[in-house]
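Okay, so here's the structure we're looking at.
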Amino acid sequence: MVISEVATISTASAKGNQPTDTTWLAQGQGGVLHLKGDWTVAHARRIDSLIRQVRIEPGSLRQLDLGGITGFDTTGAWLLLRLADRLSVALPEAMIAAPHGVSALVQRVSAARAEPAEPSRGGNPFVVILARLGNATLEAGREAGAMLGFMGATVAAAMGALRRPGRLRLTATVHHMERAGLNALPIVGLISFLVGVVLAFQGAAQLQRFGAEIFVVNLIGVSVLREIGILLTAIVVAGRSGSSYAAQLGSMKVNEEVDALRALGLDPVQVLVLPRVLALFLMMGPLALFADLMGLIGGGLMASVALDIPPTLYVDRLTNAVSLWTLLVGLAKAPVFGALIGLVGCYAGLQTGGSADSLGRQTTIAVVQAIFIVIVVDAIFSIFFNIVGV
Amino acid sequence: MVLEEENAPIIRVTGLLNRFGPQVVHEGLDLEVRKGEVLGVVGGSGTGKSVLLRTIIGLNRPAAGKIEVFGQELARLEPADRQALERRWGVLFQNGALFSSLTVAENVEAPMREHADLPAALMDELAGLKIAMVGLPHEACAKFPSELSGGMRKRAGLARALALDPEIVFLDEPTAGLDPVGAADFDLLIRELSDTLGLTVFMVTHDLDSLYAICDRVAVLAERRVLAVAPIAELEEHPHPWLQSYFHGPRARAARKARQ
């Protein structure tokens with residue numbers, strides 16, 4: 001017979017913790033590989049690399065001596081099977097002196113050996129990018145359609161509630177009006193006030209060059225009433241309430257509460273969406289009015305402190321600079337923005353899939369889309385008002 | 001699996017007191033779990049079965065009492081030692097509690113990645129092996145938990161619990177919500193894994209079939225303590241009224257008949 005090799009693979013024992021010892025010996029007797037130590041997940045890296053170093057001619061080895069093994073688990077069994085593959089011996093026949101339970105485990109693992117994962121197929125990168133672009137476009141179109149459908153469903157539910165007011169969830173609506181409207185007053189007011197201050201200060205610095213500081217009142221009046229008050233309110237509400245609607249409805253969706261409503265014969269749009277959208281629809285106007293007021297006060301304060309425009313003069317100039325229409329043009333946009341923020345938030349929430357990751361993504365989408373849509377619609381309003389000449 | 005056989009208790013709970021506000025859940029509760037056994041924990045709703053499980057694995061801090069696992073008291077260990085101890089058991093929560101943003105394979109790899117020093121390729125292979133061992137098809141590896149059925153999610157949870165080849169697995173109602181065939185399969189799987197891997201299994205359950213099919217001993221929780229721990233045949237004879245109605249109700253008779 002050809003001289004076969006006898007090798008020892010040994011790993012540190014859990015108890016002794018002595019350094020790993022690898023010895024490869026060539027001896028004239030037998031074709032037996034001795035395995036020692038703990039063949040467990042804790043030593044897997046070492047065993048894995050030892051196995052890769054095995055250099056034995058295939059067929060020269062017939063048996064694996066497991067007598068020296070002190071610890072064994074599924075990881076060990078997996079590695080043992082891999083070693084056997086490498087040495088082209090069959091398990092469990094080639095094992096000798098296996099401790100109790102080892103061969104059963106090896107058989108169990110051997111039976112469960114999964115086929116290797118198929119390599120993911122690549123493709124022409126150009127085609128892949130094109131396909132991705134196409135899919136994204138289709139997805140965006142589908143998304144827009146679904147969103148429009150959702151809006152329609154909400155409007156239909158609102159019409160239904162108009163016809164039969166008893167079906168409107170009054171308590172829920174009032175609750176959301178308080179949370180999204182009343183509770184938002186401090187932050188909306190503060191932000192608006194501060195922006196009024198900044199506007200007055202920066203505007204004055206520019207207008208001073210022409211000696212036209214007094215026009216800072218016109219600047220503040222028109223910009224706050226027409227645009228800034230309502231836009232700031234919309235952005236704050238989108239961040240505050242749009243996100244919270246998405247998170248609420250999203251976690252309800254994950255908990256199957258939305259399905260439960262449907263199974264009880266209730267319409268989620270009517271029970272969940274309508275009160276929220278209606279609350280924002282109704283509260284956006286008052287919030288924007290408050291924002292306008294605080295913005296004007298902020299601007300007036302800065303005007304009197306930094307520009308020596310006394311409050312009486314400020315109010316006097318203001319009444320000349322703006323008309324009731326200026327205020328109404330701003331406020332007219334409020335209910336539309338409110339409804340859009342509510343719709344986008346609720347829609348994003350209801351699109352949540354089953355994972356925590358998806359919930360986070362939908363909440364982000366709710367805020368980003370709501371702000372984007374609000375600004376787009378604001379631009380459209382602007383063009384419209386310009387055409388009708390208000 | 002450590003190969004030398006011992007019959008020492010692997011978990012020992014003594015004088016456990018658990019209280020939530022005015023409500024006392026456990027008082028003077030003692031329990032020993034032997035190495036290598038499958039212990040079923042039963043009891044009526046609200047007797048604190050899951051609380052006991054959570055207390056043993058350290059998710060719930062008891063008001064009083066001592067809990068030793070592997071002869072060490074968890075509450076007194078340094079964080080590093082505690083982590084080393086926690087690595088030696090796996091837990092299957094009631095609904096699987098899989099990480100929803102990871103695929104099944106990534107879920108199984110998560111404990112390996114955190115706690116074991118393994119080459120990436122080997123980790124993939126081992127995750128595939130564990131997933132196959134709990135009876136999930138190979139395609140399940142790449143799926144997300146939300147794409148799995150309830151039974152598959154439990155199996156995936158078990159694969160994650162077994163990721164680091166633990167010595168103990170804690171199972172919280174493993175067969176609840178499974179169809180009878182799936183539940184019987186799951187029972188067999190647990191028994192087989194316990195036999196081949198030498199696992200100690202601590203199983204909270206309501207399922208009488210599981211008790212008859214796979215448990216070596218059954219611990220009964222009632223009156224805030226462990227009323228009895230014994231093989232199921234002995235418990236059937238126990239005079240306590242709850243046990244009498246538990247083991248001699250219509251469902252128990254059916255389960256026993258099925259067993260015979």
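Side chains are part of it too, since the values below use all heavy atoms of this structure and drop only hydrogens, waters and symmetry mates. The structure presented is a predicted model; accordingly, all values stated were derived computationally and were not measured. Reminder, nothing fancy here: chain letters follow the sequence lines and each chain counts from 1.
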More than 12 heavy atoms of other residues, nucleotides or ligands under 6.0 Å from [atom1] of [X]: is that the case?
X	atom1	result
B/E73	CD	yes
B/E78	CD	no
B/R61	CZ	no
B/E114	CD	no

Only one of A/R46, A/R45, A/H43 clears side-chain hydrogen bond (donor to acceptor under 3.5 Å, both in side chains) with B/D117; which?
->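 Looking at A/R46, A/R45, A/H43, the match for B/D117 under the side-chain hydrogen bond (donor to acceptor under 3.5 Å, both in side chains) is A/R45.
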
Considering non-hydrogen atoms only, spot the tightest contact between [X] and [Y] and give its length.
X	Y	value
A/R108	B/M133	NH2-O, 2.8 Å
A/V41	B/L164	CG1-O, 3.6 Å
B/L122	A/A44	CD2-CB, 3.9 Å
B/S100	A/D357	OG-N, 4.5 Å

Any side-chain heavy-atom pair from A/T74 and B/L162 closer than 4.5 angstrom?
->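 No; the side chains remain at least 4.5 Å from each other.
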
Minimum side-chain heavy-atom gap A/T75-B/K130 below 4.5 Å |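 They are in contact (side-chain heavy atoms under 4.5 Å apart), so the answer is yes.
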
Check whether B/P119 gets within reach of chain A through its side chain, its backbone, both or neither, counting any heavy atom under 4.5 Å.
->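 Looking at B/P119, backbone and side chain both touch chain A.
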
Quick one: what part of B/E147 sits under 4.5 Å from any heavy atom of chain A, side chain, backbone, both or neither?
->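 For B/E147, neither part sits under 4.5 Å from chain A.
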
Distance, nearest 0.5 Å, that separates CH2 of A/W78 from CG of B/D165 |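 Rounded to the nearest 0.5 Å, the CH2-CG separation comes to 13.0 Å.
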
How many angstroms lie between CG in A/D73 and CG in B/L126, if you round to the nearest 0.5 Å?
->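 Those atoms lie 9.0 Å apart.
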
Results of side chain to side chain donor-acceptor pair (under 3.5 Å) for B/R12 - residues two or more places apart only |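 B/E32.
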
Qualifying residues under ring-ring contact (aromatic ring centres under 6.0 Å, His included), relative to A/F150, sequence neighbours excluded |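 A/F150: ring-ring contact (aromatic ring centres under 6.0 Å, His included) contacts with A/Y347.
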
